[in-house]
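Report on one structure; see the data block that follows.
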Amino acid sequence: MQTAKTSQETQLVQLGVGQDQQTGAISVPIYQSATYRHPGVGESTGYDYTRSGNPTRQALEEGLAKLEGGSRALAFSSGMAALTTFFLHFTQGDHLIVSEDLYGGTYRVLNQVFAKFGLTVSYVDTSDTTAVATAITSQTKALLIETPGNPLLGIADLAALGQLCRKHQLLFAVDNTFLSPVLQQPFAFGADVVIYSATKYLGGHNDLCAGVLIAREENLAERFYFLQNSCGAVLPPQDCWLLIRSLKTLALRMERHCQSAHEIALWLEQQPKVTQVYYPGLKNHPGHELSCRQTKGFGGMLSFRVTDKETAAAVLKRLKLISFAESLGGVESLMTLPAVQTHGDIPAADRERLGICESLLRLSVGIESVADIIADLEQALA
Ligand SMILES: *Cc1c(COP(=O)(O)O)cnc(C)c1O
């Protein structure tokens, strides 16, 4: 049996074990049922309809809540579904402050969907706490950040922002996709909500699209459960099972992602065609010290700038082992051109100002042999 003190690594491996009392199955059964028989009028087994609740999803959600230290986790059909449900909490006229160094899809849903419903947003460099404080208005209801940022890996000060949010009674939400609960625990710094694209590290195998929202306080969790059940973007039972299976190796995978990314970042810094490397583990990264204070590792994501956009295109064309593909956080290494792919929906002027141009490449370091990844980069940069 797990105790309250069980380490996160053990919790991950044991996720779902003991869930099936009837057979003792080690692996959580996939309850592929849309609905459930009622014993009688006004009686329920605890399950009525799968959008509202499903035992496989429940095993996943309970495991995730415990891992993060929140009161309740909710599993969604994608990271965007989790983020959308977060935004549905707000009403017309509410103002949000959001990281400017942010996933392009979040930017798109805010600007092209929620703007129509009267949500207003300020995009701010959230690695600058003063800039965040300055952006607060009487209508501001929440702060949503990504740290490290995407794709430039800027680091926000979780403790300072947590305090700021408390002082101004703002809901503090962290999209923790880049680090996972293994490396960063936003609740410890005063976050109210943690959101994941579980398509990335939590799923970890580039074979699943899923999202997670975890609330620290019970009443907020209830509100988000109401929204999840009302709007319906739940994670189906088979995908819940696949995510449980993936989470079992999360701690091991993160260890390898961190080690290899650090080694590759150091190697890239030495390459003549590479003009800048963005990785929080590098001592010259502006967020390095802050990272050391608030995270257990620097993660598996890095970006680097090459001499010009032709070189970037040539690198992408020549890659053999590393796939030129969108997404991140899987066991397979992937490289993207953020200006065109993940951040294509951010207006060109904003991209330019942020430095997301076509000579910037983003690498999601997989768990292949690091020597093989470096060899592939070496031939691609030749
Ligand atoms: C991918 C991603 C999302 C969106 O998640 P999907 O699972 O693709 O819907 C949100 N935030 C971050 C940081 C991401 O990387």
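One-based numbering, in listed order, for ligands and for the atoms of each. Quick note: residue numbers are just sequence positions, from 1.
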Exercise. Kindly state each residue pair satisfying salt bridge (Lys or Arg N to Asp or Glu O under 4.0 Å) with at least one member in residues 337-358, sequence neighbours excluded.
Key: Glu100-Arg353, Arg108-Asp345, Asp350-Arg353
Quiz item: With sequence neighbours left out, which residue pairs that include part of residues 36-59 fulfil the salt bridge (Lys or Arg N to Asp or Glu O under 4.0 Å) condition?
Solution: Arg57-Glu61
Quiz item: When you measure from the centre of the six-membered ring of Phe224, is the NZ or CZ of Arg72 under 6.0 Å away and within 45° of the axis?
Solution: no
Quiz prompt | Side-chain heavy atoms of Leu153 within contact of His285, under 4.5 Å | solution = yes
Quiz item: Taking only residues at least two apart or on different chains, which pairs with a member in residues 298-345 satisfy ring pair (Phe, Tyr, Trp, His ring centres under 6.0 Å)?
Solution: His262-Phe298, His288-Phe298
Quiz item: Between Asn111 and Tyr123, does a side chain to side chain contact (heavy atoms under 4.5 Å, CB included) hold up when you go through it step by step?
Solution: CA-CA 11 Å; Asn111 278 23; Tyr123 298 93; 2.7 Å; yes
Quiz item: What residues come within 4.0 Å of ligand 1, counting heavy atoms only?
Solution: Ser78, Gly79, Met80, Leu83, Tyr103, Glu146, Asp175, Thr177, Ser197, Thr199, Lys200, Ala210, Leu328
